[in-house]
Number of protein chains: 2
Amino acid sequence: MTASPPDDRSLPLRERKRLRTRRALADAALRMFGEKGFDATTLDELVQEVEVSKSTFFRAFPAKEAVAIEAETEVWTAYLALLGERELSGLVITQLRDCLADAVTRLDPAWDDRYVATRRLILTAPALLAYVDSYRTGVEDEAVSCLAGKLGLDADDLRIHVLAQLTTTCWSVSARAWVRGDAAGGRAALLARLDQAYRSIPASLELTVKGPPR
Amino acid sequence: MTASPPDDRSLPLRERKRLRTRRALADAALRMFGEKGFDATTLDELVQEVEVSKSTFFRAFPAKEAVAIEAETEVWTAYLALLGERELSGLVITQLRDCLADAVTRLDPAWDDRYVATRRLILTAPALLAYVDSYRTGVEDEAVSCLAGKLGLDADDLRIHVLAQLTTTCWSVSARAWVRGDAAGGRAALLARLDQAYRSIPASLELTVKGPPR
DNA sequence: GTAGATAATGACACTGAGTCTCGTTTGAGC
DNA sequence: GCTCAAACGAGACTCAGTGTCATTATCTAC
């Protein structure tokens, strides 16, 4: 269920402990929320299970919701990092697609299972759904700033907003379908769905009502 | 600042009182949040000002955030209602644009000022921003269901998700610019911006990086 | 009008997330 | 080892949001 503990000896001990606590919290949260439900599990129960104080929890995560969606944030953190480094050329939407695909490819091998568990959880808790929504808006805003800088455009330029949102929309629909099918086909299947989603964007704009609806 | 009180004698007295309380809460909230700040104003202060109990508040609004964004919900409630009634024909994205434009046109004359105040408020309170984000996602989901039904498509069809999101994105960018310019030009200027936003969607997909960025 | 059904209200206790303060511990650097 | 800074634990506190129940006000039928 969890990624291997942080044994990276290059990191200072203090940092390693911090990460270990963070992982322990995320793992316990995913398990306990899955068993008892997100709302029914209190933070006190969670921190008691992991044997840390509530203070420590809030130093590691900004909110109860955040600890439940680690798998989601990992994707977008990687995506934004790649987008920041990347030298853009050609169609911007293609570049965004590639950043997202690269981000997914580089994720920890254990990510798949955690992501499925996370998405399942989100379906059961409205608070989590709302949290993910606003989190993604934050990602879109960062992507917009980044693109505005790289392209020398105004941050209000509608075009980059549209592109940033299309990216999260494609992810949203693709990932939902992938999780619903129990992540069958693994990471490759997810990437295939994602690619297919991007390819069907142009058809969206041309969607037309044929005859009378019924 | 506020719309005229509900004098519609056709409504039963009980309903009229309910609406009057609702209005009073929304008006006081917009004023108090604007003066003291959203976070610094407690619900107890608000309900004391309007002379109702906290119970009554939560019967009228699902959350503290909701009372602050009435002007935003009015737009989308009208939009979804129009979309539900409408007999669709031709380009779907055009139909959505028309629904939104019609919704804006039919709003209360006092809406402009309330909306400007609301958007200004949102910029100062992260909690409000998050609330609006998830609210809009809810609107998008309803629009998707509606479209899926009317078009006989699967609710997972990416195309209708894209269209529903493009609508809220166009609104978002247009309204932000309109408010930043102090709503100059009134409702007509907002509609013009909205139309311009829709027209620039196709160019988004073709956005290309020319030479090296710098 | 009056009576009884019904719905909204107010008061109050309670839960739990999130903040803040402060004294203690622990790893980092010399 | 010793010192400094950072992370930690403990606990008090604020406030949004929920649930219960008695009270009040409106609606409906007569």
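No experiment lies behind these values; they were computed from the predicted model shown. Throughout, a chain's letter reflects where its sequence line sits, starting with A, and its residues are numbered from 1.
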So which protein N/O to nucleotides 28-30 of chain C N/O distances come out below 3.5 Å?
residue : atom : partner : partner atom : Å
C:dA28  : OP1  : A:Leu13 : N            : 2.9
C:dA28  : OP1  : A:Arg14 : N            : 3.3

Length of the line joining [X]:[atom1] and [N]:[atom2], which is rounded to integer Å:
{"X": "B:Gln48", "N": "D:dC15", "atom1": "CD", "atom2": "P", "result": "13 Å"}
{"X": "B:Arg20", "N": "D:dA25", "atom1": "CZ", "atom2": "P", "result": "15 Å"}
{"X": "B:Glu51", "N": "C:dT9", "atom1": "CD", "atom2": "C1'", "result": "14 Å"}
{"X": "B:Leu46", "N": "D:dG17", "atom1": "CG", "atom2": "C1'", "result": "15 Å"}
{"X": "A:Arg18", "N": "C:dT26", "atom1": "CZ", "atom2": "P", "result": "18 Å"}
{"X": "A:Phe61", "N": "C:dT19", "atom1": "CZ", "atom2": "P", "result": "15 Å"}
{"X": "A:Arg16", "N": "D:dC8", "atom1": "CZ", "atom2": "C1'", "result": "19 Å"}
{"X": "B:Arg59", "N": "C:dT6", "atom1": "CZ", "atom2": "P", "result": "18 Å"}

I'd like to know if [X] pairs up with [Y] as an ion pair, taking the criterion as any Lys NZ or Arg NE/NH1/NH2 lying under 4.0 Å from an Asp or Glu carboxylate oxygen.
{"X": "B:Arg136", "Y": "B:Asp141", "result": "no"}
{"X": "A:Arg159", "Y": "A:Asp154", "result": "no"}
{"X": "B:Arg119", "Y": "B:Glu72", "result": "yes"}
{"X": "A:Arg114", "Y": "A:Asp27", "result": "no"}
{"X": "B:Lys150", "Y": "B:Glu87", "result": "no"}

Open item on the list: Apply side-chain hydrogen bond (donor to acceptor under 3.5 Å, both in side chains) to residues A:Ser134 and B:Tyr131 and explain how you reach the verdict.
Closed with: CA-CA 8 Å; A:Ser134 66; B:Tyr131 194 82; over 6 Å; no
Task: Flag, side chain of B:Lys64 to backbone of B:Phe38, donor-acceptor distance under 3.5 Å - done: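 Present.
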TODO: Please tell me which of the listed nucleotides, D:dA25, C:dG10, D:dC8, lies nearest to the side chain of B:Ser53?
DONE: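 Taking heavy atoms from C-beta onward, the closest nucleotide is C:dG10.
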Open item on the list: Closest approach to the side chain of A:Thr56, judged atom by atom: which nucleotide of C:dG27, C:dG10, D:dC8 is it?
Closed with: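 Nearest listed nucleotide: D:dC8.
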Open item on the list: Suppose we screen for ring pair (Phe, Tyr, Trp, His ring centres under 6.0 Å). Which residues come up paired with A:Phe61, at least two apart in sequence or across chains?
Closed with: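 A:Phe61 satisfies ring pair (Phe, Tyr, Trp, His ring centres under 6.0 Å) with A:Phe57 only.
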Task: Stepwise salt bridge (Lys or Arg N to Asp or Glu O under 4.0 Å) check, B:Arg23 with B:Glu70 - done: CA-CA 9 Å; B:Arg23 284 256 172 94; B:Glu70 273 283 278; over 6 Å; no
Task: Donor-acceptor pair (no angle test) under 3.5 Å: B:Ser55 side chain, C:dA11 base - done: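 Per atom types, the contact qualifies.
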Protein-nucleic acid N or O pairs under 3.5 Å, nucleotides 15-18 of chain C:
residue : atom : partner : partner atom : Å
C:dA17  : OP1  : A:Leu43 : N            : 3.4
C:dA17  : OP1  : A:Lys64 : NZ           : 3.1
C:dA17  : OP2  : A:Leu43 : N            : 3.2
C:dG18  : OP2  : A:Lys64 : N            : 2.8
C:dG18  : N7   : A:Lys54 : NZ           : 3.2
C:dG18  : O6   : A:Lys54 : NZ           : 3.1

